[in-house]
Amino acid sequence: MPLSPEYVRRLHKYDLRVLLALERLMQRYEWVPDDVLRAAARLSEKELAFRLARLIEWDMVRHATVPYAGYALIFPGYDAIALHTLSQRGSVSALGSLIGVGKESEVFSGLGLGPVVLKFHHVGQQSFQAARKERGYMPEGAHCPWIFASARSAEQEYAALQRLSPDVAVPLPIDRSRHVIVMSEIPGATLNRCTLEAPEEVLDEVLENVRIAYRKGVIHGDLSEFNIMAGDDGVWLIDWPQWIATDHPNAEALLRRDLENVLRYFNRKYRIEYPTEEAVGVVIG
Ligand SMILES: Nc1ncnc2c1ncn2[C@@H]1O[C@H](COP(=O)(O)OP(=O)(O)OP(=O)(O)O)[C@@H](O)[C@H]1O
Ligand SMILES: [Mg+2]
């Protein structure tokens with residue numbers, strides 16, 4: 001189901017109660033048993049059946065009969081409760097169009113006090129397993145479905161924006177609920193989609209921002225032409241969920257990889273020769 005604010009608006013308080021109960025119970029159950037859900041949602045059997053039928057039809061909840069009868073929250077349901085919270089807090093009043101789809105996220109334009117951007121982190125089961133290993137998201141064996149991995153990913157990205165903004169050119173963090181972050185809209189396009197008039201200056205500006213981020217203890221970890229935006233007002237670095245701290249044992253290797261990605265791009269597209277060592281020096285030096 002494409003995310004639609006219509007569905008959020010249509011949510012009845014009992015629908016919401018069921019979604020919130022499921023969210024809580026999924027910390028303990030992969031599939032929440034019928035009776036457990038009914039007790040938690042404090043609804044009659046008939047009312048709960050009615051609410052679940054709607055939520056299943058809207059693709060917010062899934063029903064399983066094996067290994068036992070139970071229910072699970074799925075992404076659109078999680079999206080809906082996050083949006084509901086953000087709209088109640090007043091940080092989002094309208095959801096606009098889809099502006100980007102990545103491996104692990106969907107990005108929408110929206111309205112808050114002004115134009116905003118909403119990033120929905122959708123970390124899948126597979127990539128979650130990899131993330132657990134690589135980044136130590138969760139202790140081995142802990143029960144942690146994708147919804148919590150996604151919330152964790154949004155939390156990480158939001159933390160980076162809070163730490164870096166406004167000294168580093170990143171989107172302004174506005175609010176977060178669960179796996180959704182709200183940030184300011186960047187007026188520009190990613191480097192892979194624009195042709196720069198002054199590429200040397202842009203490269204210098206990118207390195208300067210990487211340097212300030214480094215001084216604040218943060219390495220991007222996935223920097224490339226796809227995660228740098230440029231417009232009339234300069235450049236911005238976006239997409240921070242995988243950032244790592246400068247005291248991490250792999251810090252230098254990851255910084256080097258970030259810089260190599262950027263330099264390779266400027267070399268291929270604009271024939272700029274910039275030695276990696278010099279860039280490392282600019283950032284660390
Ligand atoms: N603050 C913003 N303002 C304007 N556009 C944005 C903003 N944040 C993201 N975008 C747009 O959305 C696209 C995707 O965003 P982002 O790079 O953060 O996530 P992603 O690439 O989907 O993440 P993943 O690494 O999981 O694939 C960007 O390429 C950009 O076009
Ligand atoms: Mg990206």
Side-chain angles (χ1 to χ4, degrees), residues 2-3 75 78-79 82 86 91-92 94-132 134-135 137 146-166 168-196 202 206 209-210 213 218-244 254 257-258 261-262 264-265:
L3 182 63
F75 267 127
Y78 201 40
D79 293 346
L86 292 168
S91 34
V92 175
L95 189 69
S97 52
L98 183 67
I99 56 178
V101 184
K103 302 177 297 296
E104 299 189 337
S105 75
E106 282 179 29
V107 178
F108 284 80
S109 64
L111 273 182
L113 278 178
V116 296
V117 164
L118 287 87
K119 182 169 174 182
F120 292 75
H121 289 248
H122 289 170
V123 179
Q125 200 76 62
Q126 249 185 350
S127 41
F128 168 62
Q129 294 300 348
R132 160 142 72 189
E134 221 177 86
R135 302 173 213 160
Y137 270 4
W146 41 267
I147 49 174
F148 302 108
S150 301
R152 169 75 190 183
S153 172
E155 192 184 352
Q156 295 269 105
E157 178 158 29
Y158 201 71
L161 299 184
Q162 283 183 311
R163 191 149 153 186
L164 299 175
S165 177
V168 179
V170 298
L172 224 63
I174 295 169
D175 200 0
R176 175 181 80 90
S177 172
R178 302 171 173 85
H179 62 316
V180 182
I181 68 176
V182 185
M183 57 188 150
S184 64
E185 184 185 31
I186 300 300
T190 49
L191 287 187
N192 62 302
R193 287 187 296 164
C194 46
T195 300
L196 301 170
V202 170
V206 170
N209 278 287
V210 175
V218 176
I219 294 169
H220 188 287
D222 188 26
L223 201 61
S224 73
E225 65 272 26
F226 301 102
N227 289 330
I228 300 172
M229 294 182 74
D232 294 338
D233 297 334
V235 305
W236 286 265
L237 312 186
I238 62 164
D239 202 2
W240 291 85
Q242 69 295 308
W243 72 276
I244 57 149
L254 287 164
R257 190 179 68 183
D258 276 358
N261 288 341
V262 171
R264 192 178 322 114
Y265 172 76

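Start at 1 with the first residue, then count along the sequence. In each ligand, atom 1 is the first atom listed, and ligand 1 is the first ligand listed.
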I want to know if ligand 1 touches [X] in the polar sense, i.e. an N/O pair below 3.5 angstrom.
{"X": "Glu185", "result": "no"}
{"X": "Lys119", "result": "yes"}
{"X": "Thr190", "result": "no"}
{"X": "Gly102", "result": "yes"}

What protein heavy atom lies closest to [atom]? Include the residue and the distance to one decimal.
{"atom": "atom 8 (N) of ligand 1", "value": "Met183 CE, 3.6 Å"}
{"atom": "atom 13 (C) of ligand 1", "value": "Gly100 CA, 4.1 Å"}
{"atom": "atom 30 (C) of ligand 1", "value": "Ile238 CD1, 4.0 Å"}

Under 3.5 Å, side chain of [X] to main-chain N/O of [Y], donor-acceptor pair present?
{"X": "Glu157", "Y": "Trp240", "result": "yes"}
{"X": "His220", "Y": "Asp239", "result": "yes"}
{"X": "Arg163", "Y": "Ser165", "result": "no"}
{"X": "Asp258", "Y": "Leu223", "result": "yes"}
{"X": "Tyr158", "Y": "Ile174", "result": "yes"}

Numbering the atoms of ligand 1 from 1, which are under 4.0 Å from a heavy atom of [X]?
{"X": "Asn227", "value": "17 (O)"}
{"X": "Arg193", "value": "31 (O)"}
{"X": "Ser105", "value": "19 (O), 20 (P), 22 (O), 23 (O)"}
{"X": "Glu104", "value": "26 (O), 27 (O)"}
{"X": "Pro171", "value": "1 (N)"}

So, does Met229 sit close enough to ligand 1 that a heavy atom of it is under 4.0 Å from the ligand?
->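 Heavy atoms of Met229 do come under 4.0 Å of ligand 1.
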
Going by heavy atoms in the side chains, are Thr190 and Phe226 under 4.5 Å from each other?
->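 Answer no - side chains too far apart.
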
Residue pairs passing the side-chain hydrogen bond (donor to acceptor under 3.5 Å, both in side chains) test where at least one lies in residues 229-238, sequence neighbours excluded | none

For ligand 1, which part of [X] has a heavy atom less than 4.0 Å away: the side chain, the backbone, both, or neither?
{"X": "Lys103", "answer": "both"}
{"X": "Val117", "answer": "side chain"}
{"X": "Gln242", "answer": "neither"}
{"X": "Ser184", "answer": "backbone"}

Give the ring-plane orientation class for His122 versus His179, where under 30° counts as parallel, over 60° as perpendicular and anything between as tilted.
-> parallel

Do the ring planes of Phe120 and Phe108 sit parallel (below 30°), tilted (30 to 60°) or perpendicular (above 60°)?
-> perpendicular

Between Asp222, Ile186, Val107, flag the one that comes closest to atom 4 (C) of ligand 1 by a heavy atom.
->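 The option holding the nearest heavy atom is Ile186.
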
Give the total of protein N/O/S atoms at a distance below 2.8 Å from the Mg ion (ligand 2).
-> 2

